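Before any comments, here is the structure.
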Amino acid sequence: MQQSKFSFHHDLGGLEVLHNIDKKTDFGRHNHSGYTVALVDCGAQRFFRSGGQHLAGTNSIILINAEQVHDCRKACDGISSYRSMYPTPELFNSLMDSTKNRAPYFSDAVIHDQVLASQLRGLFNTLDCPTSQLEKQTQLVSFLTNLCASTSKLQQAEDQKSLKCRIELAKNYLLDHLFDDIGLSELASLIHMSQFHFVRAFKVQTGLTPHAFQIQHRLNHAKAMLRRGDNISQVANSIGFYDHSHFNRHFKKNMGITPNQYKQAC
């Protein structure tokens, strides 16, 4: 029997909860203003999220971020049942440190954590019964806190946005001073990071170390100068290389040919 049950909890900041029992109708691609945190009670669900398909079996938890496009459909022959709640970013913020105002970003679409699954099942059971708001609120806060503390399961959205802006600032600074001898400590201090954290974050965001990024853009300038016929040694000096051989080595590593071969070909 197909059955859907929806509930709205005013005493939990307007939390919406949906229980779907063997619903055979597929949900097309859509999004919600709140997060989707779902527990598969039995069977399996297949869904799209983050550019790919994901399969969630019995006792697994489905995580979809607020405003994230997704779909959902049954992925088994037998009965499939799942329960979902849709906490808003504002609800997360109200439960966290109010001075930081951060809603989470879940990097994993499906997690297999029996402790969290058991706690979420207990929360859904409590929300389905008449009980005190203190009990409901305590269980909700406890679950969301544990979910957010499961380290690799999420990243902070505001932290990620801030980090991206800071790395962009460092990239722009490098480009504005492309031919200067800039130190790592200068770049890291500019965006208030340790040197270790900066190098790691820069490579994650750009795919290159700060030094490789600098070399790549210097070589781009060098190619433009060589195409217009500039002297190779002068090109090397003007774009910040110590000598001709240093320039030659990096150019060949990048292009597969020497600066002179490139110049002659152009």
Side-chain angles (χ1 to χ4, degrees), residues 48-54 63 65-69 100 102-109 111 150-266:
F48 169 87
R49 199 212 93 163
S50 302
Q53 295 291 331
H54 306 275
L63 298 173
N65 298 293
E67 306 292 347
Q68 193 165 42
V69 174
K100 294 181 179 179
R102 298 169 178 170
Y105 178 86
F106 295 102
S107 55
D108 291 337
I111 61 173
S150 57
T151 57
S152 63
K153 301 299 187 290
L154 61 85
Q155 300 168 321
Q156 296 293 343
E158 288 302 315
D159 283 352
Q160 289 301 105
K161 183 178 179 180
S162 172
L163 182 60
K164 184 176 181 180
C165 290
R166 291 158 74 187
I167 296 301
E168 281 295 320
L169 178 62
K171 285 168 57 180
N172 290 334
Y173 187 84
L174 268 171
L175 292 174
D176 289 341
H177 302 82
L178 189 58
F179 310 128
D180 299 338
D181 186 17
I182 298 173
L184 181 60
S185 60
E186 181 180 351
L187 286 168
S189 297
L190 176 71
I191 58 174
H192 309 291
M193 283 186 184
S194 69
Q195 295 180 44
F196 173 79
H197 187 197
F198 169 64
V199 170
R200 184 173 57 181
F202 193 97
K203 188 172 183 179
V204 166
Q205 189 158 311
T206 68
L208 299 169
T209 65
H211 178 249
F213 179 89
Q214 180 191 59
I215 293 296
Q216 179 62 63
H217 284 274
R218 283 181 175 181
L219 292 176
N220 290 342
H221 277 269
K223 289 190 290 183
M225 296 173 72
L226 291 172
R227 286 196 297 270
R228 72 187 185 199
D230 289 10
N231 178 274
I232 294 176
S233 294
Q234 291 177 340
V235 170
N237 291 332
S238 66
I239 64 171
F241 285 97
Y242 299 120
D243 52 40
H244 189 167
S245 62
H246 186 225
F247 171 53
N248 192 77
R249 183 171 68 253
H250 280 288
F251 194 98
K252 189 171 183 179
K253 182 179 179 181
N254 183 266
M255 292 293 298
I257 57 177
T258 66
N260 186 56
Q261 289 172 319
Y262 180 85
K263 182 179 180 180
Q264 294 301 319
C266 292

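Both backbone and side-chain heavy atoms feed into the values below; hydrogens, waters and symmetry mates do not. A quick note: this is a predicted structure, and the numbers were derived from the prediction, not measured.
- Atoms CG and CD1, on N248 and I232 in that order, are 8.0 Å from each other to the nearest 0.5 Å.
- Remark: the backbone N or O of V235 is not paired with any side-chain donor or acceptor of D230 at under 3.5 angstrom.
- Side-chain contact between I182 and Y173 is present, with at least one heavy-atom pair separated by less than 4.5 Å.
- Proximity of a side-chain donor or acceptor of R218 to a complementary backbone N or O of L178 within less than 3.5 Å is detected.
- A side-chain donor-acceptor contact under 3.5 Å links Q261 to the backbone of T258.
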inquiry  = Using the rule given for side-chain contact (heavy atoms from CB on, under 4.5 Å), can you reason through L184 versus F198, listing the C-alpha separation, both sets of side-chain angles and the distance that settles it, and then say yes or no?
reply    = CA-CA 9 Å; L184 181 60; F198 169 64; 3.6 Å; yes
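- Between the side chain of N231 and the backbone N or O of Q234 there is at least one donor-acceptor pair closer than 3.5 Å.
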request  = Using the side-chain contact (heavy atoms from CB on, under 4.5 Å) rule, take Y262 and R227 through it: C-alpha gap first, then chi angles, then the decisive distance, then the call.
outcome  = CA-CA 8 Å; Y262 180 85; R227 286 196 297 270; 2.7 Å; yes
key: Intermediate values then yes/no, side-chain contact (heavy atoms from CB on, under 4.5 Å), I215 and F251   = CA-CA 9 Å; I215 293 296; F251 194 98; over 6 Å; no
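- Taking the ring centroids of H221 and H217, they lie at or beyond the 6.0 Å cut-off.
- In this structure a side-chain-to-backbone donor-acceptor pair under 3.5 Å is missing from H54 to F48.
- Separating the CE atom in M225 from the CG atom in N220 is a distance of 13.0 Å, to the nearest 0.5 Å.
- Side-chain atoms of R49 come within 3.5 Å of backbone N or O of L63 as a donor-acceptor pair.
- Residues N65 and Y105 come closest through the heavy atom pair ND2-CE1, 3.4 Å.
- In terms of modelled atom types and a separation under 3.5 Å, the side chain of S189 and the main chain of E186 share no donor-acceptor contact.
- The backbone N or O of H192 lies less than 3.5 Å from a partner atom in the side chain of R166, making a donor-acceptor pair.
- For K203, the NZ atom counts as loosely surrounded, since its 6.0 Å shell holds 12 or fewer non-hydrogen atoms of other residues, nucleotides or ligands.
- Distance CZ/F106 to CD/Q68: 11.0 Å, rounded to 0.5 Å.
- No donor-acceptor pair closer than 3.5 Å links the side chain of Q214 to the backbone N or O of L174.
- The backbone N or O of C165 lies less than 3.5 Å from no partner atom in the side chain of E168, so there is not a single donor-acceptor pair.
- Note: L169 CG to L190 CG = 4.5 Å, rounded to the nearest 0.5 Å.
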key: Audit row: L219, F247, side-chain contact (heavy atoms from CB on, under 4.5 Å) steps and yes/no   = CA-CA 9 Å; L219 292 176; F247 171 53; 3.9 Å; yes
